[in-house]
Amino acid sequence: MSTVTESQIERVVAAPATEIAPRRRFLCHCLKVTPDEVQKCITDTNAETVHEVTRSCGAGKGCTACHCRIKDLLAGLCDDCGQSKRRCLCAAQTV
């Protein structure tokens, strides 16, 4: 049985949020659609439902596992942390 050292705990506690919750490359893995592409689709087409997003940019046509993340974006939530865009710190940490 291994024990956790104090330095290991300090590294985890001091780790920036980007290391704890790294940004996903694709929102829809089946069709290789990024969160930015889905957000642009929502903005450009004024989409209000998952079906409208799927019809416009294709995200969500495959296995449908990304439907919950599309719903989060439609609701104005951050795809990385799930917080509202006003409370999200992920955008401030991206370079």
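The figures that follow rest on heavy atoms only: side chains count, while hydrogens, waters and symmetry mates do not.
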Please report the shortest heavy-atom distance between Cys28 and Cys66, naming the atom on each side.
CB-SG, 3.8 Å

Any residue meeting side chain to side chain contact (heavy atoms under 4.5 Å, CB included) with Ser56, in chain and number order, not counting sequence neighbours
Cys41, Thr45

If a pair satisfies salt bridge (Lys or Arg N to Asp or Glu O under 4.0 Å) and one of its residues is in residues 41-64, list it, with sequence neighbours excluded.
Lys40-Asp44

For the hydrophobic clusters of this structure (ILVMFWY residues joined by side-chain heavy atoms under 4.5 Å, transitively), does one cluster hold both Val50 and Leu77?
no

Spacing of SG belonging to Cys57 relative to CG belonging to Leu27, to within rounding of 0.5 Å:
8.5 Å

Could you work out, with side-chain hydrogen bond (donor to acceptor under 3.5 Å, both in side chains) as the rule, every residue matching Lys32, not counting sequence neighbours?
none

Looking only at heavy atoms, which two atoms of Ala59 and Val38 are closest? And how far apart?
CB-CG2, 3.8 Å

Let me confirm one number: the CZ-CG distance from Arg69 to Leu74, rounded to the nearest 0.5 Å.
13.0 Å

How far apart are the closest heavy atoms of Ala65 and Cys68, and which atoms are they?
O-SG, 3.8 Å

Less than 4.5 Å apart, side chain to side chain, heavy atoms only: is that true for Leu73 and Val53?
no

Hey, does the side chain of Thr34 reach the backbone of Phe26 with a donor-acceptor pair shorter than 3.5 angstrom?
no

